[in-house]
Amino acid sequence: MPKILIVYYSKTGNTEKMAKAIAEGAGTIQEVEVELKRHESPWRLASFDAVLIGAPTYHHNMTNNIKKLLEETAFHNVNLKDKIGAAFGSYGWSGEAPRLVLEVMEHKFEMKVLKPPLLIKYTPDENGLEECRKLGKNVAEKILQSS
Ligand SMILES: Cc1cc2nc3c(=O)[nH]c(=O)nc-3n(C[C@H](O)[C@H](O)[C@H](O)COP(=O)(O)O)c2cc1C
């Protein structure tokens, strides 16, 4: 069965709300397995067909744990080539983190990335949550088509 990983960090819960809504949307496609995690080892990333990373912006950047995950994945040459990649995150005013994550996914890991990343200002409202559900469903449909 095709598998999606949603791995995220969230300090005050906003990106977590997004991550849960994305998982909910992906879960509407029954033939796909969805894992929602706050932590993941770089090696396990290779066992998924799609990897979605949730990264809130702090100090114009992604947080250290997300950076560490990307750096260790690169350092250990974990092969993510041609897997589907997407990035999302809550932000306050500049929102760099999901864009930076997507850049690494595209240029370093050579993943097939969904552009643009999904950014939501502070707490997602119902419209924002619906956008998240749509992203999850869209990724699930894409991996089903290519499996
Ligand atoms: C100390 C601090 C620094 C922040 N720096 C930025 C920033 O550089 N750019 C930005 O867009 N938002 C910034 N924010 C806003 C957060 O991205 C925003 O509160 C977001 O909803 C946090 O997501 P989370 O609840 O998933 O942790 C900052 C917030 C704090 C508390």
Side-chain angles (χ1 to χ4, degrees), residues 2-29 32-125 127-143 146:
K3 284 165 67 177
I4 298 178
L5 173 68
I6 303 162
V7 59
Y8 69 95
Y9 173 74
S10 187
K11 200 170 200 166
T12 59
N14 293 330
T15 304
E16 180 164 56
K17 288 189 176 83
M18 294 178 72
K20 287 183 173 166
I22 292 168
E24 199 185 313
T28 61
I29 307 295
V32 167
E33 203 178 303
V34 185
E35 277 191 42
L36 179 64
K37 304 278 284 278
R38 274 188 86 107
H39 303 280
E40 189 53 279
S41 77
W43 298 276
R44 273 204 85 223
L45 299 190
S47 60
F48 294 87
D49 302 280
V51 177
L52 286 78
I53 296 184
T57 301
Y58 283 90
H59 308 292
H60 297 280
N61 216 323
M62 63 184 98
T63 52
N64 282 338
N65 50 347
I66 297 291
K67 203 179 280 179
K68 189 169 170 222
L69 175 63
L70 297 175
E71 283 178 1
E72 289 186 347
T73 303
F75 182 77
H76 295 289
N77 289 317
V78 177
N79 185 8
L80 302 180
K81 192 171 176 357
D82 294 331
K83 292 180 187 293
I84 290 176
F88 62 94
S90 172
Y91 73 106
W93 51 90
S94 56
E96 288 90 343
R99 298 189 245 271
L100 293 169
V101 170
L102 208 67
E103 260 182 42
V104 177
M105 285 176 154
E106 181 174 23
H107 299 291
K108 173 65 192 163
F109 301 139
E110 299 179 80
M111 298 175 81
K112 290 180 185 154
V113 299
L114 269 69
K115 289 185 195 173
L118 179 55
L119 286 121
I120 288 181
K121 201 163 183 173
Y122 293 114
T123 306
D125 60 10
N127 286 341
L129 293 173
E130 194 48 36
E131 275 190 78
C132 294
R133 290 186 202 105
K134 273 190 196 148
L135 171 64
K137 191 171 178 209
N138 183 13
V139 171
E141 285 170 345
K142 276 199 160 52
I143 60 170
S146 56

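Counting from 1, the numbers follow the sequence of the chain as shown.
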Residue pairs passing the salt bridge (Lys or Arg N to Asp or Glu O under 4.0 Å) test where at least one lies in residues 2-18, sequence neighbours excluded:
Glu16-Arg38
Locate the shortest heavy-atom distance separating [X] from [Y]; write the atom from each residue and the value.
X	Y	result
Ile143	Pro2	CD1-CB, 3.7 Å
Pro56	Ser10	CG-CA, 4.4 Å
Val101	Ala87	CG1-CB, 3.9 Å
Leu135	Ala86	CD1-CB, 4.5 Å
Ala97	Thr57	N-OG1, 3.0 Å
Ile6	Phe88	CG2-CZ, 3.8 Å

Residue among [options] satisfying side chain to side chain contact (heavy atoms under 4.5 Å, CB included) with [X]:
X	options	result
Met111	Val51, Asp82, Ile84, Val104	Val51
Pro42	Glu71, Glu72, Lys68	Glu72
Phe48	Glu33, Lys83, Glu35	Glu35

Report the distance from atom [atom1] of [X] to atom [atom2] of [Y], rounding to the nearest 0.5 Å.
X	Y	atom1	atom2	result
Asn61	Ile66	CG	CD1	11.5 Å
Tyr8	Lys37	OH	NZ	11.5 Å
Ile120	Asp125	CD1	CG	7.5 Å
Leu114	Asn138	CG	CG	5.5 Å
Leu102	Leu118	CG	CG	11.0 Å

Can you list every side-chain hydrogen bond (donor to acceptor under 3.5 Å, both in side chains) pair that touches residues 100-124, not counting sequence neighbours?
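The answer is Asn14-Thr123, Glu106-Lys115.
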Hey, could you give me each pair passing side-chain hydrogen bond (donor to acceptor under 3.5 Å, both in side chains) that has a residue in residues 86-99? Not counting sequence neighbours.
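The answer is His60-Ser94, His60-Glu96, Ser94-Glu96.
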Would you call the rings of His76 and Trp43 parallel, tilted or perpendicular, where under 30° means parallel and over 60° means perpendicular?
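Plane angle between 30° and 60°, so tilted.
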So, are Arg133 and Glu130 salt-bridged, with charged N and O less than 4.0 Å apart?
yes
Answer yes or no: is there a donor N or O on one side and an acceptor on the other, between the side chain of Thr15 and the main chain of Ala55, under 3.5 Å?
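No: the side chain of Thr15 does not pair with the backbone of Ala55.
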More than 12 heavy atoms of other residues, nucleotides or ligands under 6.0 Å from NZ of Lys20: yes or no?
no
Before giving the answer on side-chain contact (heavy atoms from CB on, under 4.5 Å), spell out for Ile53 and Met62 the whole-Å C-alpha distance, their side-chain angles and the decisive distance to 0.1 Å.
CA-CA 11 Å; Ile53 296 184; Met62 63 184 98; over 6 Å; no
Apply the test side-chain contact (heavy atoms from CB on, under 4.5 Å) to residues Ile4 and Ile22: give CA-CA distance (whole Å), side-chain angles for both, the deciding distance (0.1 Å), then the verdict.
CA-CA 11 Å; Ile4 298 178; Ile22 292 168; over 6 Å; no
With side-chain contact (heavy atoms from CB on, under 4.5 Å) as the criterion, how do Ile29 and Glu141 come out once you've worked through the C-alpha distance, each side chain's angles and the decisive distance to 0.1 Å?
CA-CA 7 Å; Ile29 307 295; Glu141 285 170 345; 3.8 Å; yes
Kindly indicate, with the supporting measurements, whether the criterion side-chain contact (heavy atoms from CB on, under 4.5 Å) is fulfilled by Asn65 and Leu69.
CA-CA 6 Å; Asn65 50 347; Leu69 175 63; over 6 Å; no
